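For reference, the structure discussed in these notes is given below.
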Amino acid sequence: MKKVILKIDKKNIPIFIGDHIITKIDFSKYIKGNDVVIITNKVLAKLHLDKLKKSFKKFNLNTFVLPDGEKYKDINSFTKIHDFLIKNKYGRDLTIIAFGGGVIGDLASFSADTFLRGVNLIHIPTTLLAQVDSSVGGKSGINHSLGKNLIGSFKHPEVIIMDTSYHKTLPKKEFVSGIAEVIKYGIIGSKTFLKWLNTNAESILMKKKEYLVKLIYASVKAKSQVVQKDEKESGIRAYLNYGHTLGHAIESSKKYKGILHGEAVSIGMTFASFISAEKSTLSIEEFNLIENTLIKFGLPVSIPHNIPCAKIIKHIDFDKKKKQGKNNFVLLNSIGKCYITNSLDIKYIEKLVKSFQN
Ligand code: NAD
Ligand code: GLY
């Protein structure tokens, strides 16, 4: 079992990574009182909940099961969770377990941060995306009808358990979507890691456990280092948004249907790398390595032709990371060396979006 420690304020958050580790964790170290509530969804409840429950035999355990889907990461589910917690008269010594992908993680952690002004939280992420990205760094939240993740907070857990055995049941498309965020850590932080991903794409796609543990460990270490330096995203945490300006615009244009987050980010990362090669000092060789790695994993690198360019531009213009009326793009000087610019002309972006459509 591998371990990363995320140091935030005065808190040391252990992150355990390994295969079939869930039964090996002594949860009593991370639970204050006797009450534990697992928040999960119907898919996870059917596949993995019975086994997980065995780890909490010592505690007064309850479960709250939501329907599956991004559309349930909303104020309605948030209210239902609070209704459940209030009706069951839980106190501040409650521990909430977020058991699922990023949707459950964001919703359950926001509930843990707001119920009685904050109770204990444990993350058990079950998708690759949730393991390498959403469960690390404390961003919690729900969607508003006017936009994604517009309501939320920073809430860190007591511990995060990343068990690679959950990947066996994860649909391939979801797994590959998570790989896009893993590739991102290579692009923004380490050419060696990016090359390793490129060389080992086949074994990774076969979900070989030693490869999964290695890539999750490298990703979690990379994200932890960034978050430790800039928890509230006033500086370098924004590098984690590499490819996300266009990625989010594509997702919004498609109303979050028919394209997964990682797929949209993959297109966005190719786009940002192309701009970096045109406007900055990213070499063609490094651009090719980035694009080729994404392609090797079956990720898309061009914008679907059926999304009108005007829609994408409108959404880039509304990007919530926009500062003082200008759009921020994270670009590369070279692999591992990012910078942020707000000086890209929208007409230039529009022309490029058109040329990127397949
Ligand atoms: P998700 O939570 O919807 O999970 C994807 C699908 O896989 C769902 O149908 C889910 O039921 C299913 N699933 C989960 N684990 C499974 C398993 N082990 N076996 C079989 N099926 C399984 O999606 P996601 O990609 O994990 O997360 C996306 C969400 O994460 C978005 O809401 C996004 O905004 C959020 N996010 C948050 C952060 C953050 O920093 N907090 C970062 C990135 C993304
Ligand atoms: N997923 C980007 C971040 O956590 O900041």
Side-chain angles (χ1 to χ4, degrees), residues 6 22 39-49 51-52 65-74 77 98-110 113 121 123-144 147-157 160 162-182 184-185 188 207 212 219-220 222-224 226-244 247-248 251-252 256 259-265 320-321 330:
L6 172 61
I22 203 71
I39 298 181
T40 190
N41 74 18
K42 283 186 178 161
V43 174
L44 271 308
K46 200 170 163 198
L47 292 169
H48 302 291
L49 188 57
K51 189 172 173 195
L52 180 66
V65 182
L66 285 154
D68 180 29
E70 178 76 36
K71 71 173 176 177
Y72 295 101
K73 200 177 101 175
D74 67 352
S77 302
F99 182 53
V103 166
I104 289 295
D106 282 9
L107 183 55
S109 55
F110 190 43
D113 199 26
L121 169 73
H123 271 302
I124 308 180
T126 60
T127 62
L128 184 59
L129 181 128
Q131 292 180 345
V132 300
D133 189 0
S134 63
S135 66
V136 180
K139 285 187 182 173
S140 83
I142 53 172
N143 302 325
H144 186 272
K148 229 172 105 73
N149 297 329
L150 293 183
I151 305 165
S153 67
F154 286 90
K155 168 71 177 172
H156 293 281
I160 312 175
M162 305 191 176
D163 190 328
T164 55
S165 70
Y166 291 130
H167 295 304
K168 285 201 188 97
T169 55
L170 188 65
K172 185 171 179 198
K173 217 172 147 56
E174 296 288 349
F175 178 78
V176 170
S177 170
I179 289 286
E181 298 287 356
V182 176
K184 179 188 78 185
Y185 295 119
I188 68 171
K207 300 184 184 174
L212 295 186
S219 303
V220 167
K223 180 153 186 188
S224 299
V226 172
V227 171
Q228 275 166 195
K229 286 187 193 144
D230 176 27
E231 187 205 354
K232 299 280 162 68
E233 201 170 311
S234 48
I236 63 161
R237 186 162 180 170
Y239 294 171
L240 297 175
N241 298 324
Y242 191 73
H244 284 57
H248 283 151
E251 284 183 284
S252 307
Y256 299 91
I259 191 151
L260 294 177
H261 178 68
E263 294 170 338
V265 166
K320 79 171 186 292
K321 291 178 175 75
V330 185

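The model shown is predicted, which means the values in this text are computed figures rather than measured ones. When a ligand or atom number is given, it counts from 1 through the structure's own listing order.
For atom 1 (P) of ligand 1, the closest heavy atom belonging to the protein is Val103 CG2, 3.9 Å. Looking only at heavy atoms of the protein, atom 17 (C) of ligand 1 is closest to Thr169 OG1, 3.5 Å. Taking atom 44 (C) of ligand 1 as the reference point, the nearest protein heavy-atom neighbour is Leu129 CD2, 3.7 Å. For atom 30 (O) of ligand 1, the nearest protein heavy atom (residue, atom name, distance) is Gly102 CA, 3.3 Å. Considering only non-hydrogen protein atoms, atom 38 (C) of ligand 1 sits nearest to Ser134 CB, 3.2 Å. Scanning the protein for heavy atoms near atom 14 (C) of ligand 1, the closest one is Thr127 CG2, 3.2 Å. Atom 22 (C) of ligand 1 has as its closest protein heavy atom Leu170 CD1, 3.7 Å. The protein non-hydrogen atom at the shortest distance from atom 35 (C) of ligand 1 is Asp106 OD2, 3.4 Å.
Shown in contact with Asn41 at under 4.0 Å from a heavy atom are these atoms of ligand 1, numbered in order with element: 10 (C), 11 (O). Close approach to Asp133 involves these atoms of ligand 1, each under 4.0 Å from a residue heavy atom: 42 (C), 43 (C). Residue-ligand proximity, Asn149 to ligand 1, at heavy-atom distances under 4.0 Å covers atoms 34 (O). Listed by atom number, the atoms of ligand 1 under 4.0 Å from Thr126 heavy atoms are 14 (C), 15 (N), 16 (C), 17 (C), 18 (N). Taking every non-hydrogen atom of Glu174 and a distance limit under 4.0 Å, the qualifying atoms of ligand 1 come out as 5 (C), 6 (C). Close contacts between ligand 1 and Leu47 involve ligand atoms 19 (N), 20 (C) [criterion: under 4.0 Å to a heavy atom]. Every atom of ligand 1 is numbered from 1 in the order shown, and the set under 4.0 Å from a heavy atom of Lys73 is 31 (C), 32 (O), 33 (C), 34 (O), 35 (C).
Looking at Leu44 against ligand 1, only its side chain comes within 4.0 Å, counting heavy atoms. Of the heavy atoms in Glu181, none comes closer than 4.0 Å to ligand 1.
For Asp113 and Ser140, the side-chain atoms include no donor-acceptor pair closer than 3.5 Å. For the residue pair Thr169/His48, the side-chain donor-acceptor check at 3.5 Å is satisfied. Asn149 and Lys73 share a donor-acceptor pair across their side chains, judged by distance under 3.5 Å alone.
With atom 5 (O) of ligand 2 as the reference point, the heavy atom nearest to it among His244, Arg237, Lys184, Glu231 is part of Arg237. Of the candidates Val43, Asp68, Asp163, the one placing a heavy atom closest to atom 10 (C) of ligand 1 is Asp68. With atom 32 (O) of ligand 1 as the reference point, the heavy atom nearest to it among Glu70, Lys223, His48, Glu251 is part of Glu70. Looking at Val226, Asp133, Asn149 and measuring to atom 2 (C) of ligand 2, the nearest heavy atom belongs to Asp133.
Here the closest heavy-atom approach between residue Gln131 and residue Pro125 is recorded as NE2-O, 3.1 Å. Looking at every heavy atom in both residues, Ala98 comes nearest to Leu121 through CB-CD1, 4.3 Å. The minimum heavy-atom distance linking Gly137 with Leu6 is given by the pair N-CD2, 4.2 Å. Closest approach of Leu66 to Ile39, counting heavy atoms only: CD1-CG2, 4.2 Å. Nearest heavy atoms, His244 versus Leu240: CE1-O, 3.6 Å. Considering every non-hydrogen atom in both Met162 and Ser135, the closest pair reads CE-OG, 3.6 Å.
Put simply, the side chain of Lys223 reaches to within 4.5 Å of the side chain of Tyr185, judged on heavy atoms. Side-chain contact between Phe154 and Val227 is absent, with no heavy atoms from C-beta onward closer than 4.5 Å.
Residue contact annotation: Glu181 has no non-hydrogen atom under 4.0 Å from ligand 2. Heavy atoms of His261 stay at 4.0 angstrom or farther from ligand 1.
Looking at Asn241 next to ligand 2, no N or O pair under 3.5 Å apart turns up. Remark: ligand 1 and Lys148 share an N or O pair separated by less than 3.5 Å (distance only, no angle test).
Contact check on Glu251 versus Lys148 returns no salt bridge, with no Lys/Arg side-chain nitrogen under 4.0 Å from an Asp/Glu carboxylate oxygen.
We find the CD1-CG distance between Ile236 and Asp230 to be 6.0 Å, quoted to the nearest 0.5 Å. Residue Leu47 holds its CG atom at 12.5 Å from CG of Leu52, rounded to the nearest 0.5 Å.
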